[in-house]
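The structure under discussion appears below in the form of structure tokens.
Order of the sequence lines fixes the chain letters, A, B, ..., with proteins taken first and strands second; residue numbering starts at 1 for each chain. Quick caveat, the model's predicted, so the values are computed rather than measured.
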2 protein chains.
Amino acid sequence: MLMQNRQAFQPVEAATDIARGGRSLGSLFQMSTVEVVPAGKAICWEGDAAKHLFQVVEGVVRLQRIIGEGRRVITAFHFAGDVIGAFLQSDFLFTAEAVTDCKIRRVSRKSFNEEVGRCDLLRPEYISLLCKETVAAHDQMVLLSKKNAEERLCTFIARLVSRRNAEVHKGLLRIPMNRQDIADYLGLTIETVSRTITKLASRNVLLPEGRHDLRIVNLRRLQELSGNPDDFSEKTCHSVSLH
Amino acid sequence: MLMQNRQAFQPVEAATDIARGGRSLGSLFQMSTVEVVPAGKAICWEGDAAKHLFQVVEGVVRLQRIIGEGRRVITAFHFAGDVIGAFLQSDFLFTAEAVTDCKIRRVSRKSFNEEVGRCDLLRPEYISLLCKETVAAHDQMVLLSKKNAEERLCTFIARLVSRRNAEVHKGLLRIPMNRQDIADYLGLTIETVSRTITKLASRNVLLPEGRHDLRIVNLRRLQELSGNPDDFSEKTCHSVSLH
DNA sequence: CGTGTCCTTGAGCTACTTCAATTTATGTGG
DNA sequence: CCACATAAATTGAAGTAGCTCAAGGACACG
């Protein structure tokens with residue numbers, strides 16, 4: 001039914017194949033204990049030495065950067081299975097905060113690097129993770145650079161829908177984050193996010209049910225409105241040179 | 001004098017240490033012949049199978065994506081020494097075009113991966129490259145998400161200035177790309193770019209000399225106007241939690 | 001020296017923001 | 001379990017940064 005061909009979301013789920021028994025990135029976290037992080041609490045701080053990597057076991061985490069007074073950018077959301085901090089070299093370039101109550105595991109960067117350096121099976125997965133993060137970041141650059149409010153919101157919702165493990169129960173999509181989170185992720189204001197949802201509702205694309213659930217009425221239409229050409233019409237505008 | 005602490009620009013110079021004699025990523029391209037690409041011509045196309053990686057030997061290259069009719073996003077500029085396509089897994093996610101007359105080298109993805117997989121010295125450099133690309137992409141997300149026209153342009157110019165090998169001859173900075181390129185990179189229109197330059201000139205921050213050169217009158221001020229907190233005042237707004 | 005392209009400047013417009021007032025959800029204590 | 005309190009979300013009205021459209025000017029090419 002849904003067929004976004006590239007990665008579904010900013011972060012990239014790295015685990016899930018723990019079950020495969022094989023030595024996967026996710027398995028590196030298996031030996032460490034689970035920590036509980038209540039909603040709103042920080043996991044790590046921008047500017048601090050990145051001594052650990054984290055894996056989300058349960059819940060949703062946001063990565064954010066604060067620039068100037070009151071300006072916040074959310075660069076990614078991370079879900080169960082995702083690894084946080086893979087691309088960091090020395091310091092955290094973001095503050096990671098729990099959006100919902102979370103469970104996480106951590107491993108030290110040192111031992112992570114040692115394991116990845118040693119194990120020939122882990123390395124491709126690690127590299128693949130880095131590549132996908134970059135691809136996701138580029139997609140977000142396109143969104144922030146050229147999409148209008150409606151396209152941004154539809155893209156966001158479409159990404160949520162097509163996440164593996166997405167909380168979709170008979171057309172009801174769980175939105176774990178609040179409007180401010182969504183706004184800061186999409187480069188908009190809460191008001192614009194709110195108004196855009198209302199507009200989509202009036203057009204029978206979706207139907208908000210409470211603050212944290214959306215009934216997806218017309219997924220097809222939603223995807224069309226996301227302004228992602230390749231999501232349905234495959235390649236239309238590739239190889240079209242401007243100027 | 002200049003002191004941007006993070007990477008100077010979107011792409012990350014990977015070579016330059018060819019001279020070190022050591023086996024570096026750049027050295028992988030040494031054995032292949034130099035190709036000449038005239039300004040405006042494409043090096044690879046979005047959607048095509050990414051069978052090669054490229055290294056810029058001379059000139060400037062832009063990576064761009066076309067979305068919808070007439071909407072173009074430039075995700076990065078690449079300069080001499082930079083590697084293009086490091087983070088690609090299968091297909092090109094961008095069209096690479098020469099901004100100026102260029103010289104490039106290419107290696108096949110296959111042999112690149114083999115070499116990197118084999119050589120323990122190359123791998124950290126490769127991973128480091130991937131990490132830096134992601135970091136650069138995140139910086140660009142912040143720019144596109146929260147910065148106004150003036151901050152965007154100042155950030156852009158400051159990045160150009162602090163590039164290693166930057167073409168700065170006694171305060172005169174070479175701008176190889178045209179206004180449309182700058183606009184599509186910064187998420188603005190040519191008109192806004194033009195007006196913003198005029199405004200900065202009237203405030204004695206810089207002085208345009210022809211279409212492709214800027215005299216940097218007040219670098220300090222330029223950096224301040226770029227809205228990058230950590231560029232001079234170190235950490236001011238870190239660890240400030242909203243909400 | 002002319003011609004085409006790129007850049008600049010102006011004037012009006014619009015999508016989104018800002019500020020402010022309600023309305024709706026969520027959680028708490030009686 | 002309900003009434004209340006507080007935070008979050010919605011809606012409205014007014015403001016604005018940047019866009020669009022259009023014209024004039026500068027640069028680079030033959």
Original post:
Nearest of D/dA8, C/dT17, C/dT8 to any side-chain atom of A/Leu188?
Top reply: C/dT17
Hey, what are the protein-to-nucleotides 20-25 of chain D N/O distances that come in under 3.5 Å?
{"unit_1": "D/dT20", "atom_1": "O4", "unit_2": "B/Arg195", "atom_2": "NH2", "d": "2.9"}
{"unit_1": "D/dC21", "atom_1": "N4", "unit_2": "B/Glu191", "atom_2": "OE2", "d": "3.0"}

Subject >> Residue closer to the 5' end of DNA chain C, A/His212 versus A/Lys147 (nearest nucleotide) >> reply: A/Lys147
Original post:
Can any side-chain N or O of B/Lys146 pair as donor or acceptor with the backbone N or O of A/Gly187 at less than 3.5 Å?
Top reply: no
Subject >> Rounded distance [0.5 Å steps], OG1 in B/Thr189 versus CD1 in B/Ile182 >> reply: 12.0 Å
Subject >> Whole-Å distance separating the CD1 atom of A/Ile190 from the P atom of D/dT10 >> reply: 10 Å
Original post:
Atom NZ of A/Lys146 to atom C1' of C/dA15: distance rounded to whole Å?
Top reply: 16 Å
**OP:** Indicate yes or no: does B/Asp139 engage B/Lys132 in a salt bridge with an N to O separation below 4.0 Å.
**Re:** no
**OP:** Check ring-ring contact (aromatic ring centres under 6.0 Å, His included) between B/Phe87 and all other residues, then give those that pass, not counting sequence neighbours.
**Re:** A/His138
Subject >> Protein-nucleotide distance (B/Leu153, atom CG; C/dT8, atom P), rounded to Å >> reply: 11 Å
**OP:** Using a cut-off of strictly less than 4.0 Å between a heavy atom of the residue and any atom of DNA chain D, enumerate the qualifying residues of residues 198-207 of chain A by number.
**Re:** A/Thr198
**OP:** Specify the closest pair of heavy atoms between A/Tyr185 and A/Arg159, including all atoms of both residues, with the distance to one decimal.
**Re:** OH-NH1, 2.8 Å
Original post:
Rounded to the nearest Å, what distance is computed from the CE atom of residue A/Met177 to the C1' atom of nucleotide D/dA9?
Top reply: 16 Å
**OP:** Could you state the atom-to-atom distance from CG of A/Leu144 to P of C/dC16 in whole Å?
**Re:** 13 Å
Original post:
Once you round it to whole Å, what is the distance between C1' of D/dA8 and CD1 of A/Ile175?
Top reply: 16 Å
**OP:** Just jot down the salt bridge (charged side-chain N to carboxylate O under 4.0 Å, His left out) partners of A/Glu151, sequence neighbours excluded, or say none.
**Re:** B/Arg71
Subject >> Spacing of A/Leu214 atom CG relative to D/dA9 atom C1', expressed in whole Å >> reply: 13 Å
Original post:
Going from CZ on B/Phe77 to CG on B/Asp82, what distance comes out if it is rounded to the nearest 0.5 angstrom?
Top reply: 12.5 Å
Original post:
So how far off straight is the helix from C/dT8-D/dA23 to C/dG30-D/dC1, going by the axes through five pairs at either end, to 10°?
Top reply: 40°
Original post:
Within this structure, what is the CD1-to-P distance between A/Ile197 and D/dT11, rounded to whole angstrom?
Top reply: 10 Å
Original post:
Would a distance-only check, ignoring hydrogens and angles, find a side-chain to backbone donor-acceptor pair under 3.5 Å from B/Ser226 to B/Gln223?
Top reply: yes
**OP:** Using modelled atom types only, decide if a donor and an acceptor are shared between the side chain of A/Arg106 and the backbone of A/His52 within a distance under 3.5 Å.
**Re:** no
**OP:** Apply side chain to side chain donor-acceptor pair (under 3.5 Å) to B/Arg211 and list each qualifying residue two or more places apart in sequence or on a separate chain.
**Re:** none
Original post:
Can you tell me how far CG of A/Leu160 sits from CG of A/Leu214, rounded to the nearest 0.5 angstrom?
Top reply: 8.5 Å
